[in-house]
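Report on the structure given below.
Reckoned from all heavy atoms, side chains included, excluding hydrogens, waters and symmetry mates.
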Amino acid sequence: MLAYGAGDYAGPHNDHHPEDAEARDGYTDVHLTFCTQGVARQALIYAPLGHFSEEASVATLGGVTAYRLPFWHYTTPLVARRGQEQTARRWVLLGTFLDA
């Protein structure tokens with residue numbers, strides 16, 4: 001499980017694991033996301049065609065996403081609503097499904 005607070009982010013990465021035979025050719029991640037009311041915004045920026053050109057909000061009270069990895073992506077810093085910096089949180093529960 002991951003927990004983001006105000007200002008937290010994940011820099012650019014692709015989740016490629018060529019050293020792992022089961023993950024080398026790709027795999028699927030499923031994320032369950034839960035945010036507190038104090039989260040104003042956080043986005044996933046991704047590069048479907050080799051450039052960081054797409055954006056999706058990940059600041060939701062409850063959400064499910066599925067990704068076929070690897071691909072380049074990052075999350076922007078979590079922005080809290082004014083006065084709620086101490087309680088703004090986004091939790092992400094991760095499930096990885098190997099396709100090999």
Between [atom1] on residue [X] and [atom2] on residue [Y], distance to nearest 0.5 Å:
{"X": "Leu61", "Y": "Thr36", "atom1": "CG", "atom2": "OG1", "value": "8.5 Å"}
{"X": "Phe34", "Y": "Leu93", "atom1": "CZ", "atom2": "CG", "value": "6.0 Å"}
{"X": "Met1", "Y": "Leu32", "atom1": "CE", "atom2": "CG", "value": "11.0 Å"}

>> Give me the atom names and distance for the closest heavy-atom approach of Ala88 to Ala80.
In response: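 What the structure gives for the nearest pair is CB-CB, 3.6 Å.
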> Under the side chain to side chain donor-acceptor pair (under 3.5 Å) test, which residues partner Thr96, sequence neighbours left out?
Replying inline: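 For Thr96, the residues satisfying side chain to side chain donor-acceptor pair (under 3.5 Å) (neighbours in sequence not counted) are Asp29.
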> Which residue pairs pass the side-chain hydrogen bond (donor to acceptor under 3.5 Å, both in side chains) test when at least one of the two sits in residues 63-81, sequence neighbours left out?
Replying inline: His13-His73, Asp15-His73, Thr65-Tyr67, Arg68-Asp99
> Under the side-chain hydrogen bond (donor to acceptor under 3.5 Å, both in side chains) rule, what pairs show up with a residue in residues 40-55, not counting sequence neighbours?
Replying inline: Gln42-Arg90
> Under the 4.5 Å side-chain heavy-atom rule for ILVMFWY, direct or indirect, which residues accompany Val92?
Replying inline: Leu2, Tyr4, Val39, Leu78, Leu94
>> Under the criterion side-chain contact (heavy atoms from CB on, under 4.5 Å), I'd like the reasoning laid out for His31 against Val58: C-alpha separation, chi angles, the key distance, then a yes or no.
In response: CA-CA 10 Å; His31 297 181; Val58 291; over 6 Å; no
>> Please check: side-chain N/O of Glu22 versus main-chain N/O of Asp20, any donor-acceptor pairing under 3.5 Å?
In response: no
> Does a sphere of radius 6.0 Å around CZ in Phe52 hold more than 12 heavy atoms from other residues, nucleotides or ligands, not counting ones at 6.0 Å or beyond?
Replying inline: yes
> Just wondering, are more than 12 heavy atoms of other shown residues or ligands nearer than 6.0 Å to CD in Gln86?
Replying inline: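 At most 12 heavy atoms, drawn from other residues, nucleotides or ligands, come within 6.0 Å of this atom.
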> Should Phe97 and Val30 be marked as a side-chain contact (heavy atoms from CB on, under 4.5 Å) after you check the CA-CA gap, both sets of side-chain angles, and the distance that decides it?
Replying inline: CA-CA 8 Å; Phe97 299 88; Val30 175; 3.7 Å; yes
> Who pairs with Arg24 by side chain to side chain contact (heavy atoms under 4.5 Å, CB included), at least two apart in sequence or on another chain?
Replying inline: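 Applying side chain to side chain contact (heavy atoms under 4.5 Å, CB included) to Arg24 gives Ala21.
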